[in-house]
Structure formats: structure tokens, C-alpha cells
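Since we're looking at a predicted model, the values are computed, not measured. A, B, ... follow the sequence lines: proteins, then strands. Residue 1 opens every chain.
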There are 2 protein chains.
Amino acid sequence: MVTVSSGRRPGRPAGGKQVVDRELVLDAAERAIRRDGPLVSLEAIALEAGVTKPVIYARIGGRTELSNALSARLAERIVQSVLSAIAGQPVGRSALVLFLAANLETVAANRELFLYATGGSSDDSPQRSLYLASQSAAPLAAQLGQWRTATGHDPAVAEAWSYAIVGMLQLTSLWWLNQVELTAHGLAEQLAELLWSGLRTPPIA
Amino acid sequence: MVTVSSGRRPGRPAGGKQVVDRELVLDAAERAIRRDGPLVSLEAIALEAGVTKPVIYARIGGRTELSNALSARLAERIVQSVLSAIAGQPVGRSALVLFLAANLETVAANRELFLYATGGSSDDSPQRSLYLASQSAAPLAAQLGQWRTATGHDPAVAEAWSYAIVGMLQLTSLWWLNQVELTAHGLAEQLAELLWSGLRTPPIA
DNA sequence: AGCGCATACGTACCTACAGTACGTTTACCC
DNA sequence: GGGTAAACGTACTGTAGGTACGTATGCGCT
């Protein structure tokens with residue numbers, strides 16, 4: 001591909017202000033990902049933002065940081081959505097369903113971004129995947145630990161359990177997004193059944 | 001980097017036999033990954049195998065297929081390890097612990113390969129991640145469905161549950177590999193507690 | 001007002017790597 | 001013994017991440 005000319009001439013732009021700030025770059029990156037899939041190039045993102053690559057590097061700092069920033073965005077959307085879904089609800093199975101459904105719906109609403117975040121780039125993505133997961137897992141672990149203590153149980157399992165639940169949601173979402181024969185609520189019910197009651201369901205007989 | 005000269009001259013090798021076959025290429029790829037991390041180049045793998053890139057393409061067929069083949073290898077090792085661990089065991093919590101521990105131990109024994117398989121490359125890795133997961137999830141779903149039916153429950157949840165369990169193990173493994181303050185058996189116990197009894201643990205009081 | 005320095009860019013380049021066209025050597029078969 | 005197929009390395013192309021450098025504008029200082 002020929003080098004993209006951005007239509008502007010070199011030099012500081014008239015007005016003395018930055019043409020785009022960090023948030024606008026991330027917005028452009030999201031649009032580019034939605035349009036071109038998880039494999040977008042930095043140049044395509046820069047073009048979408050109306051600037052050139054060095055500006056991306058000045059605002060964000062390379063492909064790794066871009067991936068981290070976008071993953072953090074998605075994680076925060078999920079956390080916010082989940083928090084508002086279970087606000088005021090007593091701990092219990094129905095709250096768990098709300099938690100799971102809110103998570104699934106947010107993922108579906110940010111489909112391309114989710115696919116990008118879960119392994120789209122070429123970086124040390126195991127590390128990033130873990131980083132993304134920890135953003136969701138950390139608040140969950142805090143809640144879980146607190147609840148375990150309140151009900152008289154050992155809170156030591158909270159961290160492992162939170163990663164377990166986040167991992168369960170991650171892969172299940174990926175699977176779900178490629179099959180769609182199930183509503184978010186339907187899948188949330190199935191997962192809630194496993195998480196709340198466990199495999200140890202006694203025989204009907 | 002300069003083009004790697006492999007020491008051999010062009011032309012069909014004396015003896016008329018292939019210098020390396022598909023399995024040897026995959027072995028070399030594993031060694032290269034163990035040595036250089038998940039970001040190894042195809043050239044480095046070719047060098048490790050003692051051949052050049054076009055041979056890799058002839059045997060395997062590009063980066064995507066290489067990733068798939070390596071992921072399939074890991075998946076099969078995990079499945080085999082798990083099957084031999086629970087062979088002859090009655091369904092129950094202790095069998096679940098064995099299942100989880102065998103899974104974790106195999107992942108730990110193939111650390112670099114696992115990191116490579118869970119997002120190391122630059123391809124459509126969401127698809128590959130799902131492909132890898134399905135290799136573990138499919139047999140699990142069959143067992144789960146069978147067991148659900150045998151105990152008089154709806155087997156429709158089996159597929160979602162199997163992906164849930166595999167995803168749980170995937171992310172938990174990733175987290176565990178970066179912290180190591182827990183034995184495989186210890187973590188397996190914590191996960192078994194969640195999976196077997198669920199969150200609905202009644203208050204002690 | 002005019003001069004210098006910091007700021008905010010785009011252009012053009014370098015490098016690395018996936019993927020491929022082509023030539024070269026050996027084996028096999030009639 | 002000659003021709004074809006198999007097996008392989010060399011050398012190239014395209015693309016994408018990352019960077020050095022030149023250029024135009026704003027701002028403070030004299």
C-alpha cells in the first residue's frame with residue numbers, strides 16, 4: 001500500500017491545539033475495528049482518526065498500549081453494566097442471573113471489540129488477556145471474599161473463583177457469539193444453574 | 001535479519017527421502033517456542049527444524065495451520081492426561097478433583113505451548129482459541145450430557161457447561177502460571193468446590 | 001515588533017516477517 | 001540413458017509496526 005497522505009501539510013496545525021486527543025484516537029480505533037475486524041492496521045486506525053501513525057504513538061504509545069487501552073475500555077463497560085444490573089439486589093440466584101446476562105449483553109453489544117480484546121493482536125497477548133481479565137476479576141473477587149466471610153466461609157477461594165467465573169464467561173461468550181441460537185438470558189440461566197447449584201445435582205429418582 | 005542459510009545446497013537431498021516430516025516440524029516448533037517464547041518467527045522454527053520456510057509451508061501450510069496443529073497437540077495431551085486420570089473413577093467430587101488437577105498439571109508441563117496456544121499468534125485467534133477449546137469441550141460435553149440423562153436431568157445444558165468449564169480452566173491456568181503460590185492440587189480443590197457444590201453454600205450459622 | 005524555542009504535525013524511511021516464484025539437484029521409471 | 005517428478009534452498013515481494021527528521025505554527029521574552 002502507498003503511504004497514506006492525510007491531506008494536511010506538515011507542521012503545527014493552525015489554532016495551536018491538538019487535532020485529536022487520546023480519547024478520540026480510541027474512538028477511531030473502535031470504529032476501525034468494527035469496520036475492518038480485529039486485524040486492523042495502525043495506519044487504518046490513524047486514517048480513521050484523521051491523523052498519521054506518529055500521532056498514535058504520541059497519544060497512546062504503540063500497538064501493545066493501544067490493545068491495553070481498548071481492553072480496559074471494554075472491561076470498564078462490562079463492570080459498569082454489571083454493577084448497575086445487580087444494584088440493590090440481594091445476593092442470590094436471581095442476582096447471579098442478572099450479573100451473567102448483563103455481562104453477555106455487553107459483550108454482544110461490543111462484539112468486534114470483544115473479539116479484538118480476546119486475542120486479536122500479535123503482542124504478548126496472554127499477558128494482555130490476563131490483564132483484561134483481572135480488571136473484571138478484581139472487583140468480583142472483593143465482593144466474593146466479603147460475601148464468603150459474611151456467610152461464615154473461607155474467603156481464600158475468592159480470587160481463584162473470580163478468575164474462574166470470568167474465564168467461564170469469556171469462553172462461553174466467544175462460543176455463544178458464533179452460534180446464536182440462545183438468548184443472553186437463556187445462556188445466563190444455564191450458567192447460573194451451574195454456578196449456583198454446582199454439578200452435584202442429586203438424581204431425580 | 002539476514003536470510004538464514006541452512007547450510008545445505010538447493011536441490012533434492014541425497015537419499016531421496018524427505019529431510020523432515022510433519023511431526024518433526026511440529027517438534028521443532030515446540031522447541032523454538034520453549035526457547036524463544038510465543039512470538040517465534042517461522043524462520044526461527046524453520047532454522048530449528050534444519051530446513052527453510054517453504055518446507056514449513058509444504059508440510060504444515062502457513063502460520064494459521066501451524067497454530068492450529070500445535071493447539072490440537074496440546075488439546076490432545078490434555079484430553080489424554082485427563083482421561084487416564086479419571087479412568088475407572090465413579091462420577092463424583094473426587095473424580096472432579098482428579099480431572100482438574102490433571103488438566104492443570106498438563107498445562108504446567110507445557111507452559112510455553114499453552115501460552116502460545118492461548119493467543120500467541122497474530123491470526124484470527126478468537127477463532128483458533130475457540131477451535132482449541134472445542135477439542136477439549138466436545139468430549140466433555142458428551143460425558144456431561146450422558147451423565148445428566150442418567151441422573152434424570154435435562155442434558156441440554158451440557159454444551160454450554162462444557163465450554164464454561166474449559167473456559168474456567170483456561171483463564172485460571174493463565175492466572176495460576178503467573179503467580180505460583182498454589183499447588184495444582186490445591187487449585188484443583190478450590191475449583192472443584194465451586195464446580196461441585198456451587199456458590200449456594202448455606203451459611204454456617 | 002521581532003527573534004528564538006517549544007509544540008504539534010506529516011513525510012519518508014527502516015526493519016521484520018509472512019508468504020511465494022523460481023532455479024537447482026537428486027531419484028525414479030521407461 | 002534420457003525425461004519427468006519430487007524435494008529443496010535462494011531470493012524476492014508485500015505489508016505492517018516503529019522511528020528519524022523536516023516543517024509549520026504558537027508563545028514568551030526582549
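- With C:dG23, D:dA16, C:dC9 as the candidates, the nucleotide lying closest to the side chain of A:S41 is D:dA16.
- Residue A:R8 places at least one side-chain N or O under 4.0 Å from the OP1 or OP2 atom of C:dG10.
- Considering only side-chain N and O atoms, B:R9 lies nowhere under 4.0 angstrom from the phosphate OP1 or OP2 of D:dA7.
- Taking every side-chain heavy atom of A:Y57 into account, D:dG18 is the closest of D:dG18, D:dA20, C:dC17.
- The CZ atom of B:R22 sits 18 Å away from the C1' atom of D:dA7 (whole-angstrom rounding).
- To the nearest angstrom, P of D:dC8 lies 11 Å from CD1 of B:I56.
- Remark: of the listed residues B:N110, B:V107, B:V82, B:N110 is the sole one forming a side-chain contact (heavy atoms from CB on, under 4.5 Å) with B:R77.
- Under 4.0 Å is where a charged nitrogen must lie from a carboxylate oxygen, and between A:D27 and A:R73 at least one such pair does.
- Taking the screw axis at each terminus of the helix from C:dA1-D:dT30 to C:dC30-D:dG1 from five consecutive base pairs, the angle between the two is 20° to within rounding of 10 degrees.
- Using a cutoff of 4.0 Å between basic side-chain nitrogens and carboxylate oxygens, A:R34 and A:E48 are not scored as salt-bridged.
- Salt-bridge check for B:R93 with B:E189: passed, with a basic side-chain N closer than 4.0 Å to an acidic carboxylate O.
- Salt bridge status for B:R35 with B:E112: absent, with no side-chain N to carboxylate O gap under 4.0 Å.
- Distance from the side chain of A:P54 is smallest to D:dT19 among D:dT19, D:dG9, D:dT23.
- Atoms CG (A:L39) and P (C:dA18) sit 14 Å apart, rounded to a whole Å.
- Contact annotation: side chain of B:K53 to base of D:dG9, donor-acceptor pair absent below 3.5 Å.
- Across the interface with DNA chain C, nearest-nucleotide mapping of B:G62 and A:R59 shows A:R59 to be the residue nearer the 5′ end.
- B:L174 has its side chain out of reach of A:Y163: every pair of non-hydrogen atoms, C-beta onward, lies at least 4.5 Å apart.
- For B:L42, whose side chain is taken as the heavy atoms from C-beta onward, the closest listed nucleotide among C:dG10, D:dG9, C:dG19 is C:dG19.
- Nearest to the side-chain atoms of B:A14 among the listed nucleotides D:dT19, C:dT26, C:dC9 stands C:dT26.
- Annotation: of the two residues near DNA chain D, B:V20 and A:V40, the 5′-most nearest-nucleotide partner is B:V20.
- Counting to the nearest Å, the P atom of D:dT10 and the CD atom of B:E43 are 11 Å from each other.
- Residues A:I33 and A:L115 have side chains not in contact (no heavy-atom distance under 4.5 Å, counting atoms from C-beta outward).
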